[in-house]
Amino acid sequence: MTFSRPCGVLTLLAISWFIFNAVAAGINIPSTLDGPFKPVTVPFDSSLRGGTLDLPDSDPRVQRRVKGFEPEQISVSLSAHYDSVWISWITGESQIGYDIKPLDPKTVSSIVRYGKLRYPLTREATGYSLVYNQLYPFEGLQNYTSGIIHHARLTGLKPSTLYYYRCGDPSIPAMSKLHSFKTMPISGPRFYPDRIAVVGDLGLTYNTTTTISHLISNKPDLVLLVGDVTYANLYLTNGTGSDCYSCSFPQTPIHETYQPRWDYWGRFMQNLVSKVPIMVVEGNHEIEAQAGNQTFAAYSSRFAFPSDESGSSSTFYYSFNAGGIHFIMIGAYIAYNKSADQFKWLERDLANVDRSITPWVVAAWHPPWYSSYKAHYREVECMRVAMEELLYSYGVDIVFNGHVHAYERSNRVYNYSLDPCGPVYITVGDGGNREKMAIKHADDPGNCPDPLTTPDQYMGGFCATNFTSGPAAGKFCWDRQPEYSALRESSFGHGILKVKNETWALWTWYRNQDSYSEVGDRIYIVRQPDLCPVGQQINTRWFAAS
């Protein structure tokens, strides 16, 4: 059965244009207008289950190459709009041991010189700097203090424009080499970044290097990282690592981390993110509890976030525009109930979106609401119960998640039922991390987890119960691949989103085991504003696939 879909003149013209071009190119790419699709599971290739070893600290790609206070780990991130970006970098050496002495951020300036020409760089921005510590009040555990982390915001930028920059402290002198970045297009229904890369659960393994190599080959204008960055918390403070922390280190007095993995990751990623903006939202591996119950110190310190610019008071949730797309980054590990600051911010943010300027609204957070894998099955049901209606009523188009180490794309869904106005949910937690891929499905015989094992362990709550209606009524799991799950496959990879106009976007997923140009999954995601007006009342008509 297909969704009913009244079409306006613009939608019909867009459909005709895409059909004509697809036929002319000899390509048959499905669209969400053809759905809902019958669920498909791609058989698992057991040869891919092999070792996912981390890059060692001896790998030249992760070693410190600069001297003194020369900048390293340079990255670009977006502000809320095209006219400003953040440049971040680190100077000085980090320390790990039993007797550490933090560097003084005041000893090094935070300067970025930039301009449209390589020389001279006529403009200058002054930022701020900080140092963070990872401290453990237990004998025998080593403590960590970072290098000096700098963040500087460049303002007054033109849209879709290439800028050159150098960062550092010119008075030492200690300035970086020349780098460049391109700003986002102006916000409007006809202007979009060409390619947006989406990846999750990245880590720093040899699989990660393949993912990033393929991603770079696809020449993205923006990178979206949906949580779980370095997996530094799979290590003890002495540098001993494991695929499974709790399995290997059950007696540790606190969940340790090995913070130098963050520095390794920053060095490895610099080649990409010093010129392509990266936007990150926190995952569970970024929690990194330490002395005084402090958490997320590395995540909140190392990245720049457009929190203030988007009206947020937190690094865990924020929003930004990239051309005609409004992105909303949501925190799953901070309070999200209706009385929480995050929910109130999200409600304001969605209410302020002008769909005539940014027709597309894309949301991202780490753990998925809609995943049919056994790993993490329905563990953030409380978050879905609290927030799903809000996202649905404001017509969020696409949701990106990670956490589950596999790929899965949904049909349009709301409240576990097929709905033509629900978002398309895409899980891309397959970036290459050390914990290996998820391969078991909750609907396979013997794989349904005990409901008592699925409380929200971070926010405190228990919302996942047996389904009360539909094909899974009376059960905690489906007995077959759920109707909301259109395609699932256990392979490492990344995705590219290409928004074509105000109603059509092309989503492509690339698998690591293929050449970088081969396609693992491809579909046009089509908005239907005539059928699904923003601010609608909750649709009481549920659609089921035949």
- If you measure only the distance, is there a donor-acceptor pair under 3.5 Å linking the side chains of S372 and Q481? no
- Message: To the closest 0.5 Å, what do you measure between OG1 (T211) and CD1 (I216)?
- Response: 11.0 Å
- Task: Measure from the side-chain N and O atoms of E309 to the backbone N and O of H81, and report whether any donor-acceptor pair falls under 3.5 Å.
- Result: no
- D201-Y231 side chain donor-acceptor pair, cut-off 3.5 Å: yes
- Side chain of S310, backbone of Y318: donor and acceptor closer than 3.5 Å? no
- Task: Identify whether the distance between the nearest side-chain nitrogen and carboxylate oxygen of R267 and D59 falls below 4.0 Å.
- Result: no
- Residues K182 and D221 bridged, charged N to O under 4.0 Å: no
- Query: At what distance, to the nearest 0.5 angstrom, does CH2 of W369 lie from OH of Y414?
  - Reply: 9.5 Å
- Task: Work out which heavy atom in Y510 is nearest to a heavy atom in E518; give both atom names and the distance.
- Result: CD2-O, 2.9 Å
- Are the side chains of E489 and D430 in touch, meaning some heavy atoms are under 4.5 Å apart? no
- Message: Does any part of the side chain of Q270, heavy atoms only, come nearer than 4.5 Å to the side chain of R65, both counted from C-beta?
- Response: no
- Query: With side chains defined as the heavy atoms from C-beta onward, is the minimum distance between Y163 and V76 less than 4.5 Å?
  - Reply: no
- Show your working on side chain to side chain contact (heavy atoms under 4.5 Å, CB included) between E435 and D243 and close with a plain yes or no. CA-CA 5 Å; E435 291 181 318; D243 296 343; 5.9 Å; no
- Above 12 or not: heavy atoms from other molecules or residues under 6.0 Å from NZ of K475? yes
- Query: Any chance the rings of Y206 and F492 have centres within less than 6.0 Å?
  - Reply: no
- Are a donor atom and an acceptor atom from the side chains of H494 and N218 found within less than 3.5 Å of each other? yes
- From CA spacing to verdict: side chain to side chain contact (heavy atoms under 4.5 Å, CB included), L204, F268: CA-CA 8 Å; L204 190 55; F268 174 79; 3.7 Å; yes
- With a 4.5 Å limit on heavy-atom distance, are the side chains of R302 and D263 in contact? yes
- Would you say D54 and T208 make side-chain contact, with heavy atoms under 4.5 Å? no
- Could you give the distance from OG1 (T41) to CZ (R480), rounded to the nearest 0.5 Å? 12.5 Å
- Message: Is any side-chain heavy atom of C477 closer than 4.5 Å to one of D443?
- Response: no
- Message: The criterion is side-chain hydrogen bond (donor to acceptor under 3.5 Å, both in side chains); which residues satisfy it with D521, sequence neighbours excluded?
- Response: Y407, R409
- Nearest non-hydrogen partners of P482 and R488, listed with the distance: CD-NH1, 4.3 Å
- Check for a donor-acceptor pair, side chain of R61 on one end and backbone N or O of L55 on the other, with a separation under 3.5 Å. no
- Message: Would you say that V40 contacts K38 through its side chain, given a criterion of any heavy-atom pair below 4.5 Å between the two side chains?
- Response: no
- For the residue pair V380 and P368, what are the closest heavy atoms and their distance? CG2-O, 3.5 Å
- Item | Backbone N/O of G432 and side chain of T205: donor-acceptor pair under 3.5 Å | yes
- Query: For the rings on F476 and Y377, is their centre-to-centre separation under 6.0 Å?
  - Reply: yes
- Task: Take Y336 and F316 through the ring pair (Phe, Tyr, Trp, His ring centres under 6.0 Å) test and state the conclusion after the steps.
- Result: CA-CA 11 Å; Y336 44 64; F316 302 133; over 10 Å; no
- Item | Backbone N/O of N415 and side chain of Y370: donor-acceptor pair under 3.5 Å | yes
- Message: I want to check a possible cation-pi pair here: R434 against Y235, using under 6.0 Å from ring centre and within 45° of the ring axis as the test.
- Response: yes
- Message: Under a 3.5 Å threshold, yes or no: a donor from one side chain and an acceptor from the other, between Y392 and D419?
- Response: yes
- Task: Measure centre to centre between the rings of Y484 and Y425, then say whether the value is under 6.0 Å.
- Result: no
- Task: First locate atom NZ of K498, then atom CZ of R522, and finally report the distance between them rounded to the nearest 0.5 Å.
- Result: 8.0 Å
- Item | Donor-acceptor under 3.5 Å (H405 side chain, K436 main chain) | yes
- Query: Any donor-acceptor pair under 3.5 Å linking the side chain of T358 with the backbone of R355?
  - Reply: no
- Message: So which atom in S515 and which in H214 form the shortest heavy-atom distance, rounded to 0.1 Å?
- Response: C-CE1, 4.2 Å
- Item | Side-chain donor/acceptor of T183 to backbone N/O of S160, under 3.5 Å | yes
- Item | Check: N411 side chain, F37 main-chain N or O, donor-acceptor pair, under 3.5 Å | yes
- Task: Measure up the Y416 and F467 rings against each other and bin them: parallel (under 30°), tilted (30 to 60°), perpendicular (over 60°).
- Result: perpendicular
- Task: Could you walk me through whether L224 and M329 pass side chain to side chain contact (heavy atoms under 4.5 Å, CB included), step by step?
- Result: CA-CA 10 Å; L224 209 65; M329 311 293 271; 3.8 Å; yes
- Task: Return yes if some donor-acceptor pair links the side-chain N/O of E286 with the main-chain N/O of G283 below 3.5 Å, else return no.
- Result: yes
- Test F400 against every option in W365, W507, F327, W509 by the ring-ring contact (aromatic ring centres under 6.0 Å, His included) rule and name the one that passes. W507
- Query: Hey, mind stepping through L157 and Y82 against side chain to side chain contact (heavy atoms under 4.5 Å, CB included) and telling me if it holds?
  - Reply: CA-CA 7 Å; L157 306 177; Y82 70 84; 5.7 Å; no
- Note on the structure: CG of N271 to CD1 of I212, rounded to nearest 0.5 Å, is 10.5 Å
- So which heavy atom on G431 is nearest to which on L202, and how close? O-CD1, 3.7 Å
- Message: Can you tell me how far apart OG (S274) and CG (L272) are? Round to the nearest 0.5 Å.
- Response: 7.5 Å
- Looking just at side-chain N and O atoms, do T503 and R527 make a donor-acceptor pair shorter than 3.5 Å? no
- Message: Please tell me whether D349 and S319 have a donor and an acceptor in their side chains that are separated by less than 3.5 angstrom.
- Response: yes
- Item | Atom of S180, atom of Y164 and distance for their closest heavy-atom approach | CB-CD2, 3.8 Å
- Using a 4.5 Å cut-off on heavy atoms from C-beta on, say whether the side chain of Y165 contacts that of I74. yes
